[in-house]
Amino acid sequence: MTTHTELPSMQESLLDVASKKIFVAETGEGPPVLLLHGGGPGASGVSNYARNIAELAKEYRVIVPDLPGYGRSTKGVDGADPFGYLADTISALLDQLGLDKAHLVGNSYGGACALRLALDTPDRVDRMVLMGPGGIGTTRALPTPGLNSLLNYYSGDGPSRLKLEKFIRNYLVFNAADVPDSVIDARYRDSIDPEVVAAPPLRRPKSLRALWKMDFTRDKRLARLPVPTLVLWGAADKVNRPSGGPMLAGRMPNCDLYEVANTGHWVQFERAELFNRLCADFLAGRR
């Protein structure tokens with residue numbers, strides 16, 4: 001059973017970053033760690049890591065932004081190269097925070113952002129933890145039912161609480177009962193922000209070129225990436241295939257892989273105690 005740790009008080013800022021407003025919450029002292037959230041409807045930084053922030057803040061300066069298109073940050077994402085757009089934004093955020101380098105922790109969409117940032121500027125990333133990251137082998141197989149559910153949220157008859165609940169309970173987690181109704185309610189409210197509905201941040205690639213850019217297994221730089229990386233992947237992930245874990249471990253020279261049994265796409269939420277321990281130890285170089 002996952003314990004629910006109360007969130008600590010956090011300093012909140014709305015920063016000017018690369019001509020955008022980026023919301024950031026932070027707490028704790030120590031080496032800086034950016035927690036980058038996933039891309040599901042209604043996602044945001046603090047809500048995505050609600051079960052992790054307090055534990056990690058015991059040892060690290062925990063920085064939790066809302067990615068462009070989400071939460072309290074500026075809406076809209078460049079569909080021609082979304083992962084590059086996210087990575088450039090987070091790189092500019094590091095500049096704004098006065099950080100030359102930081103640890104990156106990324107879940108799904110945020111994992112794709114972290115990996116792209118590491119590929120583009122490896123000197124800015126100390127260590128990296130990726131949980132079921134996006135962009136792994138996406139040109140090598142059809143989208144999963146879970147990913148289709150996510151991508152179809154704003155299409156057809158538009159967003160609804162029922163569609164969101166189906167995505168979260170049927171596809172996002174292994175144990176549907178682990179997600180309180182309050183989480184779904186809050187995410188639904190955020191997902192129907194008129195600015196988000198007008199420009200959903202996560203869409204199907206606009207072109208073959210965009211699709212190719214969004215598959216990191218096609219990027220030759222992956223084999224030369226020096227950043228020590230821990231990949232955590234839920235064995236029952238229905239959004240991004242668990243086979244992506246061995247793909248990364250087989251291509252990256254400094255990649256450890258941990259497959260988490262009886263767990264879906266939301267490792268840091270579903271297996272918070274395990275995740276917090278592994279993440280803290282890996283970032284500190286204790287494993």
Side-chain angles (χ1 to χ4, degrees), residues 2-17 20-75 77 86 89-90 93-94 96-97 99 102-114 129-134 164 167-168 172-173 178-193 195-196 201-202 232 265-273 275-276 279-280 283:
T2 302
T3 59
H4 298 257
T5 305
E6 186 174 347
L7 277 168
S9 60
M10 304 187 76
Q11 178 182 336
E12 298 183 350
S13 307
L14 193 62
L15 303 177
D16 291 307
V17 178
K20 293 179 284 292
K21 296 287 187 183
I22 298 298
F23 174 79
V24 177
E26 65 173 284
T27 187
E29 297 180 359
V33 179
L34 266 70
L35 305 184
L36 305 175
H37 64 80
S44 64
V46 172
S47 67
N48 207 167
Y49 290 100
R51 296 182 176 182
N52 320 114
I53 291 169
E55 285 301 310
L56 294 177
K58 293 176 180 178
E59 191 170 352
Y60 299 98
R61 176 186 174 188
V62 177
I63 303 165
V64 193
D66 287 344
L67 292 173
Y70 292 87
R72 286 181 256 182
S73 292
T74 295
K75 303 306 183 281
V77 171
L86 297 176
T89 301
I90 296 304
L93 175 61
L94 291 176
Q96 183 77 339
L97 294 170
L99 298 174
H103 298 304
L104 298 182
V105 176
N107 165 228
S108 192
Y109 194 59
C113 170
V129 178
L130 307 175
M131 299 88 76
L164 183 58
F167 167 68
I168 290 175
L172 188 64
V173 297
D178 194 31
V179 183
D181 285 341
S182 59
V183 168
I184 296 172
D185 291 338
R187 287 188 60 151
Y188 176 62
R189 286 194 299 271
D190 289 344
S191 77
I192 56 173
D193 180 317
E195 287 189 271
V196 177
L202 186 57
L232 301 170
H265 187 56
W266 224 6
V267 173
Q268 82 281 5
F269 183 91
E270 298 177 72
R271 300 293 298 278
E273 293 173 1
F275 169 82
N276 293 340
C279 185
L283 296 180

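His37 and Gly45 get closest at one heavy-atom pair: CD2-N, 3.4 Å. Residues Gly38 and Asn48 approach most closely at N-OD1, 2.6 Å, considering heavy atoms.
Here OH of Tyr70 is found 5.0 Å from CG of Leu202. Values are rounded to the nearest 0.5 Å. If you take NZ on Lys20 and CG on Leu93, they are separated by 10.5 Å, rounding to the nearest 0.5 Å. Of the inter-residue distances, the one linking His265 atom NE2 with Glu270 atom CD reads 10.0 Å to the nearest 0.5 angstrom. In this structure, CE in Met131 is found 7.0 Å from SG in Cys279, a value given to the nearest 0.5 Å. Once rounded to the nearest 0.5 Å, the distance linking CD1 of Ile90 with CG of Leu67 reads 5.5 Å. Taken from CD in Glu26 to CG in Leu34, the straight-line distance is 9.0 Å, to the nearest 0.5 Å.
Inter-residue side-chain proximity for Leu97 and Leu15 is flagged as met; some heavy-atom pair is nearer than 4.5 Å. Two residues are said to be in side-chain contact when any heavy atoms from C-beta on lie closer than 4.5 Å; Ile168 and Val179 meet this criterion. Side-chain contact between Leu283 and Val105 is present, with heavy atoms from C-beta onward closer than 4.5 Å. Using a 4.5 Å heavy-atom threshold, the side chains of Val24 and Ile63 count as touching. Arg61 has its side chain within reach of Leu99: a pair of non-hydrogen atoms, C-beta onward, lies under 4.5 Å apart. Residues Tyr109 and Val77 are in side-chain contact: their nearest non-hydrogen atoms beyond the backbone lie under 4.5 Å apart. Using a 4.5 Å cut-off on side-chain heavy atoms (C-beta onward), Ser47 and Val183 make no contact. No side-chain heavy atom of Ser9 sits under 4.5 Å from any side-chain heavy atom of Thr27.
Put simply, the side chain of Gln268 never gets that close to the backbone of Phe275: no donor and acceptor are under 3.5 Å apart. One N or O on the side chain of Gln96 and one on the backbone of Asp16 form a donor-acceptor pair closer than 3.5 Å. One N or O on the side chain of Tyr60 and one on the backbone of Ala280 form a donor-acceptor pair closer than 3.5 Å. Asp66 contributes no side-chain N or O that, together with a main-chain N or O of Phe23, makes up a donor-acceptor pair within less than 3.5 Å. Distance alone, capped at 3.5 Å, places no donor-acceptor pair between the Ser108 side chain and the Gly134 backbone. Side chain of Thr74 to main chain of Pro68: no donor-acceptor pair is present (N/O by atom type, distance under 3.5 Å, no hydrogens or angles). In terms of modelled atom types and a separation under 3.5 Å, the side chain of Asn276 and the main chain of Arg51 share a donor-acceptor contact. Side-chain atoms of Tyr49 come within 3.5 Å of backbone atoms of Leu36 as a donor-acceptor pair (strictly under, hydrogens ignored).
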- Just do the side chain to side chain contact (heavy atoms under 4.5 Å, CB included) check on Asp190 and Val196 with the steps written out, would you? CA-CA 8 Å; Asp190 289 344; Val196 177; over 6 Å; no

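Summarising the local packing, CD of Glu12 is surrounded by more than 12 heavy atoms from other residues, nucleotides or ligands at distances under 6.0 Å.
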